[in-house]
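Worksheet: one structure, shown below.
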Amino acid sequence: MAEIDWVRVRIILEREEEQFSKSHPRSRRMFERACKSMIGGVPMNWMIEWPGPFPIFAKKGRGSMITDVDGHTYVDFCLGDTGAMFGHSPKATVDAAYRQMLRGITMMLPTEDSIWVGKELTRRFGLPYWQIAMTATDANRFALRVAREATGRSKILVFNGCYHGTVDETLVRLVDGKVEPRTEAMPPPVDPNLTTKIVEFNDSGALRRALEPHDVAAVLMEPALTNCGIVLPESGYLDAVREITHETGTVWIDDETHTWCAGPGGYAKARGVQPDMITLGKPVAGGIPAAAFGLNKEIFDKTIANLLQPIGVNGAGGTVTGNALALAAMRATLAKVVTNTAFHHMIALAKRFEEGVQGAIRKSGVPWHVIRIGARTEYQFREAPSKNGAEAMAAADFTVSRYMHLYALNRGILLTPFHNMALISPYSTAKDVDMHTQVFQDAIGEILA
Ligand SMILES: Cc1ncc(COP(=O)(O)O)c(C=O)c1O
């Protein structure tokens with residue numbers, strides 16, 4: 001088994017940081033200007049996590065490429081951390097959005113596009129009723145509220161290693177058998193012991209024990225974890241989740257925000273299981289902010305009396321939610337961008353990406369592995385795939401990740417900063433993928449003992 005030379009990692013990381021700073025003078029100047037008024041020098045805090053000493057400032061994103069203000073062009077496998085999973089500015093979405101912008105962006109009135117979108121979400125995801133949200137965080141928050149209303153219970157359950165947006169009750173970890181707030185996040189407004197239960201993924205016994213007191217409104221879960229590396233469900237696990245939630249009267253909310261990469265109807269659909277509620281966000285309107293949550297007939301019947309009260313303030317929605325622009329973009333994206341043909345291309349190329357990375361890992365002998373869900377591929381710094389969030393999180397290595405990402409960035413490849421993940425868009429090419437394989441191989445080659 002090959003070993004990493006940690007001294008070399010640090011020396012080369014320094015060399016790469018120097019190279020980055022020298023070759024991005026305009027981004028550096030913009031960052032310095034931004035720091036005077038923007039918290040952390042960026043409009044959204046995740047943007048500070050890119051691997052260089054400052055983020056690159058974007059000039060243009062198109063298809064699978066991004067150009068920065070210093071004139072560098074990158075093959076983009078980050079794709080806005082899934083917001084642009086189907087490519088930057090897909091033409092059909094842009095055309096529809098432009099046409100709608102000339103006819104009104106937000107009118108606090110439904111447009112005909114919403115009828116088409118609702119029907120299409122039902123066709124794809126198998127749930128009869130849908131409502132629009134602005135972000136996946138919102139969709140999860142609203143879904144939890146509906147589940148609490150439907151069950152008359154207040155607690156929720158999530159899995160160790162999860163991320164479902166900035167939903168307070170979900171920003172937790174399992175520590176010594178107890179639920180604790182995530183240490184990197186600001187302190188929670190309410191003690192998570194009062195709101196949240198947490199168990200490890202792929203442990204149906206633990207899930208059953210947690211749900212048996214019948215005090216949990218909803219299990220909020222990704223059908224495969226994607227936010228601590230990828231953790232796939234073991235054979236029969238999703239069926240067990242379906243059975244246990246059903247038996248204990250708990251609502252199963254399936255967050256498909258990332259796992260939509262599995263195919264046109266998401267991961268659960270591809271595995272033949274039907275959750276009670278589904279949440280979607282990020283790329284659902286081609287990058288224009290929009291999200292959605294869907295529910296089954298039973299939950300609809302238990303909650304609809306409240307949802308349809310003439311006074312609309314029921315704890316979900318917001319002034320610009322479901323606006324005409326978002327619905328036009330969703331319709332065009334679902335009809336013309338997120339197609340079977342697009343997935344065919346994306347998944348075939350993601351397999352090529354996986355094989356390339358796998359080949360380089362094997363050739364170099366580093367104890368890493370690579371894993372894939374449809375169009376999403378991720379490598380992890382442990383030999384075997386993780387069984388749960390604890391294993392996946394223990395394999396994280398900030399320094400090696402930073403090194404691999406900066407090495408790639410300096411050679412024209414963007415990877416999502418806080419994942420070792422690559423998304424393949426309908427615009428990605430075999431050349432893009434092979435370029436990554438070569439750079440990945442070279443990056444490992446430089447740090448072996
Ligand atoms: C699985 C999952 N759900 C929800 C969200 C929240 O998405 P947003 O930040 O767009 O609200 C994320 C964000 O990364 C996510 O990974």
Side-chain angles (χ1 to χ4, degrees), residues 42-50 77-86 125 131-145 147 156-173 182 184-186 196 198 201 218-233 238 241 252-262 266-268 275 277-294 316-318 320-322 326 329-330 333 373-376 378 389 392-393 396 415-423:
V42 285
M44 199 277 278
N45 42 314
W46 300 358
M47 294 178 193
I48 199 60
E49 294 202 33
W50 287 90
F77 292 116
C78 167
L79 296 172
D81 188 23
T82 311
M85 187 164 84
F86 301 100
F125 296 97
Q131 194 160 63
I132 302 305
M134 189 60 83
T135 64
T137 298
D138 272 353
N140 283 330
R141 220 180 260 138
F142 302 156
L144 288 172
R145 204 161 181 130
I156 64 148
L157 183 141
V158 292
F159 294 86
N160 199 24
C162 74
Y163 185 71
H164 296 285
T166 52
V167 181
D168 291 324
E169 309 97 297
T170 66
L171 291 170
V172 291
R173 289 287 179 252
R182 276 179 74 151
E184 337 78 90
M186 286 184 266
T196 311
I198 184 166
F201 200 75
V219 167
L220 176 58
M221 96 186 255
E222 288 189 279
L225 297 181
T226 67
N227 278 290
C228 51
I230 290 176
V231 180
L232 297 178
L238 293 180
V241 173
W252 179 13
I253 306 173
D254 169 28
D255 180 345
E256 292 274 1
T257 303
H258 279 182
T259 49
W260 196 10
C261 62
Y267 195 97
M277 299 185 74
I278 291 179
T279 57
L280 297 168
K282 300 202 186 190
V284 71
I288 289 174
F293 63 95
V320 293
T321 307
M330 276 175 101
T333 305
I373 300 173
R376 183 184 182 104
E378 178 134 6
M393 288 186 287
L415 298 163
T416 316
F418 27 80
H419 299 275
N420 296 316
M421 177 268 284
L423 288 167

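Remember, it's 1-based here, ligands and their atoms both numbered in the order they're listed. Just so it is clear, the model here is predicted, and its values are computed rather than measured. Numbers for residues simply follow the sequence, beginning at 1.
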Residue pair [X] / [Y], side-chain heavy-atom distance below 4.5 Å:
| X | Y | answer |
| --- | --- | --- |
| Met221 | Cys162 | no |
| Met277 | Phe293 | yes |
| Thr82 | Pro283 | yes |
| Ile373 | Ile230 | yes |
| Val158 | His164 | yes |
| Tyr163 | Arg182 | yes |

Could you list which atoms of ligand 1 come closer than 4.0 Å to a heavy atom of [X]?
| X | answer |
| --- | --- |
| His164 | 3 (N), 4 (C), 5 (C) |
| Asn140 | 3 (N), 4 (C) |
| Thr135 | 11 (O) |
| Asn227 | 1 (C), 15 (C), 16 (O) |
| Gly165 | 4 (C), 5 (C), 6 (C) |

Side chain, backbone, both or neither: Thr257 near ligand 1, heavy atoms under 4.0 Å: side chain
Thr82 contact mode with ligand 1 (heavy-atom cut-off under 4.0 Å): neither
Check: Phe418 ring centroid to Trp50 ring centroid under 6.0 Å: no
When you measure from [atom] to every protein heavy atom, which one gives the shortest distance, and what is it?
| atom | answer |
| --- | --- |
| atom 11 (O) of ligand 1 | Thr137 OG1, 2.5 Å |
| atom 13 (C) of ligand 1 | Lys282 NZ, 3.0 Å |
| atom 7 (O) of ligand 1 | Ala136 CB, 3.3 Å |
| atom 3 (N) of ligand 1 | Asp255 OD2, 2.6 Å |

Thr226 N/O under 3.5 Å from ligand 1 N/O: no
Within-cut-off N or O pair, Glu222 and ligand 1, under 3.5 Å: no
Heavy atoms of other groups near Met186 CE, more than 12 under 6.0 Å: no
Thr135 side chain vs Asp138 backbone, donor-acceptor pair below 3.5 Å: yes
Options Trp46, Trp260, Tyr163, ranked by nearest heavy atom to atom 15 (C) of ligand 1, top entry: Tyr163
